[in-house]
Number of protein chains: 2
Amino acid sequence: MRKPNMREAILAAAEELFSINGFNAVSVRDIAQAAGANPGSVTYHFKTKDGLLLEIYQRHCMPMNLRRSELLEAAKRVRDVQDRLEAIVRAYVVPAFSSGSDLAGGGVRFTRLRAIMSAEGNEVARRIIAQTFDDTSHAFIDAIHESLPHIPRTEIVWRSHFLLGALYYTLVTPERVSRLSRGEADGADPGEAIEQIVKSTVASMQAPALDKRSPRKPPAGRAPADAGLA
Amino acid sequence: MRKPNMREAILAAAEELFSINGFNAVSVRDIAQAAGANPGSVTYHFKTKDGLLLEIYQRHCMPMNLRRSELLEAAKRVRDVQDRLEAIVRAYVVPAFSSGSDLAGGGVRFTRLRAIMSAEGNEVARRIIAQTFDDTSHAFIDAIHESLPHIPRTEIVWRSHFLLGALYYTLVTPERVSRLSRGEADGADPGEAIEQIVKSTVASMQAPALDKRSPRKPPAGRAPADAGLA
DNA sequence: ATAACATTTGTACATATGTACAAATAATAA
DNA sequence: TTATTATTTGTACATATGTACAAATGTTAT
């Protein structure tokens, strides 16, 4: 074949298919076919299916985190507290939708991929994510915490976690928003999604703290985790 | 074999395995082995693997929605607006963690199952969910909307969607909360998760509306969905 | 006990899967 | 050119998969 760069074609096809169907449901043959390549070619370039996923992550993680860091630094310089908080949240959300250097939809595709991998409990993904995104996550958590010093850090962690969940779920099931809003909202419109997530997250961050317990040490005699519930 | 009820054992094993690894990564043989049954038994009782998943959904959907409806009705009768809003959100969240009639952890397991199925884009699940949960979702959206009449319904839909995303993600990746909070929070503690989700969601629901456009009809000459972003 | 039915077992089949590898072909360097 | 290397192709293998089905076994009713 005279494909200018088959490696790239395979990578793109894999990313597309994984981001739609997950890792487990996509076969190496599916990927090869979508890329117009031979199954053997996949083995040649990436050795294993895991290797292919790894390469996809390595392709995207750095740029996305870089973009986030830039936007975060800019956001931290915003004077007004309310505006700053919003800018910080936006700095976290926007790169998840548009990863800049990438082709159209690249950011959305990779974020949706991450969402599905995390649901599938994919081990390759889990490792990469923990060691690549945690730094950035901490940076955002700290920045938000500095804008909201009266909220315990732990609660900021929870709320950031909810933000990521909202983001993931919106990318995975956008049609549900359209359906439940009876067509008044378009769940697949990144602009709309970003605005809604940002506004709703900023508000949630500002919620009063629960502080049932002292900020550091929980009192020893607490009921076991799932006593009254499970 | 003299297993008192093999059908139930298979169902339980499937639910457990699906809720951890997803549908695609679990084989009929895995399920059979976990249930101490023969692969053929699975075919006998449920005909196909899809049939097995279907049965799991039918087993849980009704009770969970019933519980939600009860709690919702009670919540709607709360006098104070703020308290009512919180009660409504809680009525939505709590049954996702504890499905009542079920054995310990049943609610969490089924909700985690739904989270993974929705990420995997499972068709069987998608169909059942849309026709079983949408009524309940609308009831909650309406109830919240009545407590917050100044917020457009569409925005309540978005924020409810984020709530579900947060809930799902917390059940799928609880260890991330523990890790990012450096052990100060336990992401797997249902009680803690519920309180955090409820408080943060109540706040997000009360966020001011975006209202870039008139409440009902968006102006015709709007930019195409993903023009400036994708 | 005998008949009727329900369940379980064991096995088989067709297909799908990840990956290995030798041969063929293209690209590059000498 | 020829030699060398990089890539692609085709095929093969071992294993896994969903499901079908007949035989064996258990259960219940008469």
Side-chain angles (χ1 to χ4, degrees), chain A residues 1-57 59 113 116-117 120-128, chain B residues 1-57 59 113 116-117 120-128:
Chain A
M1 264 275 178
R2 75 284 269 113
K3 232 356 171 346
N5 199 343
M6 184 56 88
R7 199 186 134 93
E8 293 301 318
I10 294 171
L11 224 35
E15 190 180 310
E16 169 80 4
L17 289 176
F18 286 160
S19 81
I20 293 174
N21 305 104
F23 186 79
N24 299 321
V26 175
S27 76
V28 172
R29 284 167 180 80
D30 291 337
I31 296 166
Q33 181 163 29
N38 190 287
S41 248
V42 178
T43 312
Y44 171 70
H45 285 291
F46 306 97
K47 202 64 188 171
T48 68
K49 198 185 168 191
D50 276 358
L52 185 45
L53 183 63
L54 198 76
E55 182 68 27
I56 292 174
Y57 268 83
R59 185 65 66 94
L113 179 80
I116 303 184
M117 293 306 120
E120 279 185 322
N122 184 291
E123 254 317 302
V124 178
R126 200 191 296 277
R127 261 198 300 277
I128 285 236
Chain B
M1 263 279 178
R2 75 285 267 117
K3 245 321 179 10
N5 198 344
M6 185 55 90
R7 198 186 136 92
E8 294 300 319
I10 294 172
L11 224 36
E15 191 181 311
E16 169 81 3
L17 289 176
F18 286 159
S19 81
I20 293 173
N21 305 104
F23 186 79
N24 299 322
V26 175
S27 76
V28 172
R29 282 167 181 80
D30 292 337
I31 296 166
Q33 181 162 29
N38 190 287
S41 248
V42 178
T43 312
Y44 172 70
H45 284 291
F46 306 97
K47 201 64 188 172
T48 69
K49 199 184 167 192
D50 277 359
L52 185 44
L53 183 63
L54 198 76
E55 182 67 28
I56 292 175
Y57 269 82
R59 184 65 65 96
L113 178 81
I116 303 185
M117 294 304 120
E120 279 186 322
N122 184 291
E123 255 316 303
V124 178
R126 199 192 297 278
R127 260 198 301 278
I128 284 236

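Sequence lines set the chain letters: A, B, ... in the order given, protein chains first and strands last, and positions in each chain run from 1.
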So, the side chain of B/Glu120 versus the backbone of B/Gly22: is there a donor-acceptor pair under 3.5 Å, distance only? no
Whole angstrom is fine here: how far is it from CG in B/Asn38 over to P in D/dA24? 15 Å
Let's go through A/Leu11 and A/Phe46 carefully: what are the C-alpha distance in whole Å and the side-chain angles of both, what is the deciding distance for side chain to side chain contact (heavy atoms under 4.5 Å, CB included) to 0.1 Å, and is it a yes or a no? CA-CA 9 Å; A/Leu11 224 35; A/Phe46 306 97; 3.6 Å; yes
For A/Ile10 and C/dT19, give me the distance from atom CD1 to atom C1', rounded to whole Å. 14 Å
Expressed as a whole number of angstroms, how long is the span from B/Arg7:CZ to C/dT7:P? 9 Å
Against B/Glu55, only a single residue in B/His45, B/Arg7, B/Lys47 fulfils side-chain hydrogen bond (donor to acceptor under 3.5 Å, both in side chains); can you say which? B/Arg7
Reference residue A/Val124; test side chain to side chain contact (heavy atoms under 4.5 Å, CB included); the match among A/Leu53, A/Ile56, A/Thr48: A/Leu53
Separation of D/dT8 P from A/Met6 CE (nearest whole Å): 5 Å
What integer distance in Å separates B/Lys47:NZ from D/dG18:C1'? 12 Å
Is there a side-chain polar atom (N or O) of B/Ser27 under 4.0 Å from OP1 or OP2 of D/dT17? yes
For B/Gln33, look at atom CD and say whether over 12 heavy atoms of other residues, nucleotides or ligands are found less than 6.0 Å away. no
Check the phosphate of C/dT8 against B/His45, side-chain N and O only, distance under 4.0 Å to OP1 or OP2. Yes or no? yes
When rounded to whole Å, the CG to P distance for the pair B/Leu53 and D/dT19 reads 12 Å
What is the distance, rounded to the nearest whole Å, between atom NZ of B/Lys49 and atom C1' of C/dA16? 13 Å
With heavy atoms under 4.0 Å as the rule, sort A/Arg29 into base, sugar-phosphate or nothing. base
For B/Ser41 and for A/Gly40, find the nucleotide of DNA chain C with the closest heavy atom, then tell me which residue's nucleotide is more 5'. B/Ser41
With respect to the phosphate group of C/dT19, does any side-chain polar atom (N or O) of A/Thr43 fall under 4.0 Å of OP1 or OP2? no
Verify the contact: side-chain N or O of A/Tyr44 to OP1 or OP2 of D/dT7, cut-off strictly under 4.0 Å; return yes or no. yes
Measure the distance from CG on A/Asn24 to P on D/dA16 and round it to the nearest whole Å. 16 Å
